[in-house]
2 protein chains.
Amino acid sequence: MSRGDLSREANGLEPRLSRASVGRLSLYLRCLESYAREGSATVSSGQLGDVLGVTDAQVRKDLACLGNLGQPGIGYPTAELIAAIRGALGIDRDWAVALVGVGNLARALLRYRGFAQQGFRIVALFDVDPAKVGQRLDGLTISGVDQMPAVIAATGAELGLLTVPMEAAQQVADALVAAGIRGILNFAPAVLRLPSHVSLVSVDLAVQLEQLAFLVQVSGNYSGPEPTTR
Amino acid sequence: MSRGDLSREANGLEPRLSRASVGRLSLYLRCLESYAREGSATVSSGQLGDVLGVTDAQVRKDLACLGNLGQPGIGYPTAELIAAIRGALGIDRDWAVALVGVGNLARALLRYRGFAQQGFRIVALFDVDPAKVGQRLDGLTISGVDQMPAVIAATGAELGLLTVPMEAAQQVADALVAAGIRGILNFAPAVLRLPSHVSLVSVDLAVQLEQLAFLVQVSGNYSGPEPTTR
DNA sequence: GGATGTGAACGACTTCACAGCG
DNA sequence: CGCTGTGAAGTCGTTCACATCC
């Protein structure tokens with residue numbers, strides 16, 4: 001089922017970055033940006049690893065995919081490493097994002113500083129509720145789902161954020177796909193079926209809470225062995 | 001074979017469920033609840049697997065940890081499987097949850113039906129902003145962080161939802177730990193350090209969007225074959 | 001000395017294949 | 001026959017250990 005790798009360099013023979021690494025790269029990036037603000041010119045794999053609880057070897061393996069920019073005895077040059085990670089993740093440019101389903105979660109995402117900081121710009125709002133269509137929010141006018149193809153073409157949105165109730169999720173996702181979106185970040189507690197050329201990341205909030213309940217339960221039943229990160 | 005075959009029921013240490021399985025169990029659960037609503041008395045591993053894109057063998061392996069409740073030639077009894085999964089995940093009871101940081105995201109979580117449906121009850125609200133303290137929201141009064149120990153003891157909250165800005169995250173997390181919380185679901189884009197007896201699950205929304213950008217980018221560079229779930 | 005890059009060992013998770021039961 | 005349960009094989013990801021370079 002799930003595939004999807006391949007390096008972006010011209011030479012196709014680098015060690016491709018695994019799905020697991022990609023998640024960590026985002027975290028390294030945050031960490032590096034923090035180091036950069038403090039003025040560190042270089043950072044070592046040990047420093048990065050300590051902060052988010054992975055081994056130094058793991059960090060080096062993850063970073064190896066970016067080309068050899070570490071300097072033995074010194075570490076990695078902070079600024080260049082940031083640039084390399086952004087390039088590898090595909091966030092060395094801006095992404096225009098459409099948001100569908102204007103509820104509380106949408107409002108939270110709209111104002112989430114982290115998105116804009118990383119180059120994600122919400123350029124369009126949609127809702128199925130006719131009462132909401134036409135309202136303005138943070139400088140954007142809410143459109144109906146029927147206007148999706150036109151608005152998405154006009155704004156150049158490539159990614160979609162889905163914050164609608166479960167029942168509407170598949171239908172709205174289909175509309176996004178039809179309108180030419182290339183990837184969907186889904187917050188609805190539903191398993192979506194999408195054509196293979198559209199990428200999907202799902203975040204199910206109830207699932208996360210259930211994971212937490214499980215961890216708490218087992219750490220209580222038995223003398224809990226491991227802490228837990230991420 | 002002849003003797004010594006002690007029952008696998010009573011002993012708590014069955015083939016332990018792997019971290020990876022736990023995430024899928026939540027998804028099976030959703031799927032099963034949907035089947036149950038439609039009136040299916042039994043479900044096969046193939047049916048479950050198809051819906052969320054894993055193999056039937058994988059489903060059986062995951063379900064094996066719950067004891068042998070599958071019937072060859074038939075499948076799994078829906079209702080019993082639901083009960084078994086809820087028991088394994090530790091959601092066969094209610095969990096009292098405290099929410100810290102009453103912004104838009106908190107409002108969204110407060111009204112998220114999925115939580116209540118799975119037995120998670122938000123019983124306390126906290127905020128550092130003195131202007132918010134004392135306000136009421138959905139029948140709850142917002143308390144200050146200084147009241148945390150008293151309120152958490154009084155309400156019996158065991159889990160904490162952290163929806164504060166990055167800067168405040170570690171400090172508030174420490175306060176939750178000091179107040180006796182047993183697990184934290186963190187939405188702040190920060191890496192938290194917690195004592196090992198407190199469980200942690202982190203959801204970083206920007207990281208999720210970055211993952212999506214990566215997937216879209218690689219699927220665009222090359223003829224990206226498969227979609228991606230989870 | 002300090003830190004990187006990497007093959008090799010290790011462990012975790014997934015798929016395969018098939019015995020066995022309803 | 002259909003479907004479960006499970007050892008065996010295979011794949012993927014992490015950790016170790018060490019040669020290498022500044």
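Everything numeric here is computed off the predicted structure, so don't read it as measured data. Just so we're on the same page: letters track the sequence lines, and every chain starts at 1.
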Between the protein and nucleotides 3-6 of chain C, list the N/O to N/O atom pairs that are separated by less than 3.5 angstrom.
residue : atom : partner : partner atom : Å
C:dA3   : O4'  : A:Gly73 : N            : 3.1
C:dT4   : OP1  : A:Ser45 : N            : 2.7
C:dT4   : OP1  : A:Ser45 : OG           : 3.4
C:dT4   : OP2  : A:Ser45 : OG           : 2.6
C:dG5   : OP1  : A:Gly70 : N            : 3.3
C:dG5   : OP2  : A:Tyr76 : OH           : 2.6
C:dG5   : N7   : A:Arg60 : NE           : 2.8
C:dG5   : O6   : A:Arg60 : NH2          : 3.1

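- Between A:Gln58 atom CD and C:dC10 atom C1' the separation is 14 Å, expressed in whole Å.
- C:dA12 atom P lies 15 Å from atom CZ of B:Arg24, rounded to whole Å.
- Side-chain polar atoms of B:Gln170 and B:Asp174 form a donor-acceptor pair below 3.5 angstrom.
- Here the side chains of B:Thr163 and B:Asn104 are not in contact, with every heavy-atom distance at 4.5 Å or above.
- Atom CG in B:Asp62 sits about 7 Å away from atom P in C:dT14, given to the nearest Å.
- Remark: A:Glu80 does not engage A:Arg86 in a salt bridge, criterion side-chain N to carboxylate O under 4.0 Å.
- Checking the phosphate oxygens (OP1, OP2) of C:dA12, no side-chain nitrogen or oxygen of B:Ser18 falls inside 4.0 Å.
- Under the side chain to side chain donor-acceptor pair (under 3.5 Å) test applied with B:Ser26, the options A:Gln208, A:Glu210, A:Gln211 reduce to a single match, A:Glu210.
- Applying the side-chain contact (heavy atoms from CB on, under 4.5 Å) test to A:Ala173 and every residue at least two apart in sequence or in another chain returns A:Leu162, A:Ile184, A:Leu192, A:Leu194.
- Side-chain polar atoms of B:Ser45 and B:Asp56 form no donor-acceptor pair below 3.5 angstrom.
- The CZ-P distance, from B:Arg19 to D:dG13, rounds to 17 Å in whole Å.
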